[in-house]
Amino acid sequence: MSTPFAPFEPGPSGDAKNRSGRPRRFQRVPLKMILPNLVTLLALCSGLTAIRMALETRWDMAIGAIVLAAVLDALDGRVARFLRSTSRFGAELDSLADFVNFGVAPAIILYTWILNELGSFGWITSLVFAISMALRLARFNVALDDPDKPAWQANFFTGTPAPAGALAVLLPVYLHQLGVLDRWAEFAPVAVGYTYIVAFLLVSRLPTFSGKRIGMRIRKDFVLPIFVAAVLLVALGASYPFQVLTLATVAYLASIPFAGRSWRKHEQADLARGAQGSKAAAEKPDPATDQTTPTDQPTP
C-alpha cells in the first residue's frame, strides 16, 4: 500500500530526471546566468591585482586596477538586470568581491604608500577602513530587503557607496602622482585623518546620490551628445588619469551636502502628504455615526 505523501530524498529533484526515471548527470545552465558572475570575477581579479601592484610599490598600476574593478562592478549589476539573471548567489559573490576590491585593496595601497611610516598605528588605520567597508556592505545587503522603503530613496545611498569610498580614500595618492604632494613622513598623520573621515562616511547615515537609475531611459535627442561625452570622458581619463580622478573625487565629496538637502526635501514632502492624508481621513464623515433622526414628521 502506497503512502499518501512521497518520501523526501535529498538529491536531484524530479525536474532533473530524464524520462527513464534516472537522475541526469549534468544539467544545462543558461549562458545569461553565467555572464554577470563572470564580470564579477573579473572585477575580483582586478582588485587582487591591485594588491599585488601595491606590494610592488607600483601605485599607478594599483590605482588603475581599482578603477577597472569599479567599472566592472558598475556593469555586473546592469548586465544581470538586463538579462534578467539576478540571483542570490550573484548578490553574495558581488558583496564578497566588493569587500576585497574596495576594502582590502585600497587599505593595502595606503599602507604601502605612506601609512607604514607610522608602524602599528598606520596598520590600525588600514584595518579601520577595511572594517568600515565590510560594515557598509553588510548594511547595504540588509537594506535591500526593506519592503517599506519609498520609491524616491532609490536615488540615494545611505553613506558613501563602496566604489566611491575606495576611490575617494586614495585622493592623497592621486595628488602625489600629480606632484602636488611629496611622500614625506610628516604627511602621514594627515593621511590618517583623511582615511578616518572617509571611513566615517562609509558607515554614516548621510545620504549620497546614487547613479543606478542613470541611463535606464534616454531621450532620443540626447543619444548622440551622450556618445560624444562618453568618448571625451574616456579620452580624458586615459590621457590625464590622475587629474580626472582628483576632480571627480573633489566633486563627489562636494555633492554630499546637496544630497542631504535633496533628501530632506523628499522627507518633508512625504510628511506633508501624510499630514494631508490624515486630515482628509479625519474630516471624512463616518457613515456609522452620521445618522439623522427626523424630528418633525407629518401626521397621517
Side-chain angles (χ1 to χ4, degrees), residues 40 43-44 46-48 50-51 54 59 62-77 91 94-115 122-144 153 155-176 190-212 214 237 241-242 244-260 263:
T40 304
L44 180 59
S46 183
L48 293 173
I51 295 176
W59 297 298
I63 292 174
I66 296 293
V67 173
L68 178 59
V71 172
L72 294 175
D73 178 70
L75 290 177
D76 60 359
D94 182 71
S95 182
L96 292 173
D98 286 349
F99 173 66
V100 175
N101 298 340
F102 309 127
V104 177
I108 293 180
I109 291 174
L110 287 174
Y111 182 77
T112 57
W113 178 64
I114 198 171
L115 295 184
W123 178 245
I124 291 173
T125 303
S126 298
L127 290 179
V128 169
F129 177 80
I131 291 172
S132 299
M133 184 65 70
L135 295 175
R136 189 264 176 278
L137 293 170
R139 184 180 63 187
F140 176 77
N141 293 339
V142 173
L144 291 177
Q153 290 189 9
N155 297 321
F156 299 90
F157 284 121
T158 301
T160 304
L167 295 175
V169 80
L170 296 175
L171 177 61
V173 189
Y174 308 155
L175 297 177
H176 168 68
V190 179
V192 167
Y194 179 73
T195 303
Y196 278 113
I197 291 174
V198 177
F200 168 76
L201 292 176
L202 289 171
V203 299
S204 69
R205 304 288 300 180
L206 296 175
T208 57
F209 288 120
S210 169
K212 284 192 172 183
I214 296 178
F242 296 107
V244 172
L245 287 172
T246 300
L247 291 177
T249 301
V250 173
Y252 179 80
L253 294 176
S255 71
I256 294 178
F258 297 97
W263 176 280

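As a basis for the values below, the full set of heavy atoms in this structure was taken, side chains included, without hydrogen atoms, waters or symmetry mates.
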Let me confirm one number: the CZ-CZ distance from F209 to F258, rounded to the nearest 0.5 Å.
8.5 Å
Nearest 0.5 angstrom please: T125 OG1 to L110 CG, how far?
9.5 Å
Ignoring hydrogens, what is the shortest heavy-atom contact between L202 and R136? Give both atom names and the distance.
O-CG, 3.0 Å
Less than 4.5 Å apart, any side-chain heavy atom of L167 and any of Y174?
yes
Does any non-hydrogen side-chain atom of F99 lie less than 4.5 Å from one of V104?
yes
side-chain contact (heavy atoms from CB on, under 4.5 Å), paired with Y196, selected from L201, V169, V128:
V128
Do you know which two heavy atoms are closest between P257 and A254, and how far apart they sit?
CD-O, 3.2 Å
Using every non-hydrogen atom in the two residues, find where F156 and A259 come nearest and quote the distance to one decimal.
CE2-O, 3.6 Å
Would you say the side chain of L44 lies within less than 4.5 Å of the side chain of N101, judging by non-hydrogen atoms?
yes
Go through it in stages, so that I can follow the logic: the residues are D73 and F102, the test is side-chain contact (heavy atoms from CB on, under 4.5 Å), and I'd like the CA-CA distance, side-chain angles, deciding distance and then a yes or no.
CA-CA 10 Å; D73 178 70; F102 309 127; 4.0 Å; yes
Looking at I108, I109, T112, which one forms a side-chain contact (heavy atoms from CB on, under 4.5 Å) with I51?
I108
May I have the step-by-step check of side-chain contact (heavy atoms from CB on, under 4.5 Å) for T160 and Y252, ending in yes or no?
CA-CA 10 Å; T160 304; Y252 179 80; 3.7 Å; yes
Side chains of S126 and F129, heavy atoms from C-beta outward: is any pair under 4.5 Å?
no
Measure the shortest side-chain to side-chain distance between W123 and L127 over non-hydrogen atoms and say whether it is less than 4.5 angstrom.
yes
What are the two closest heavy atoms between T249 and L245, and how far apart are they?
OG1-O, 2.8 Å
Between the main-chain N or O of G159 and the side-chain N or O of S204, is there a donor-acceptor pair closer than 3.5 Å?
no
If you look at every heavy atom in L115 and A191, which pair is closest and at what distance?
CD2-CB, 4.4 Å
Tell me the closest heavy-atom pair linking A69 and S46, and the distance in Å.
N-OG, 3.6 Å
Given side-chain contact (heavy atoms from CB on, under 4.5 Å), test L175 with T246 step by step and report yes or no.
CA-CA 7 Å; L175 297 177; T246 300; 3.9 Å; yes
If you round to the nearest 0.5 Å, how far is CZ of R139 from CG of N141?
11.5 Å
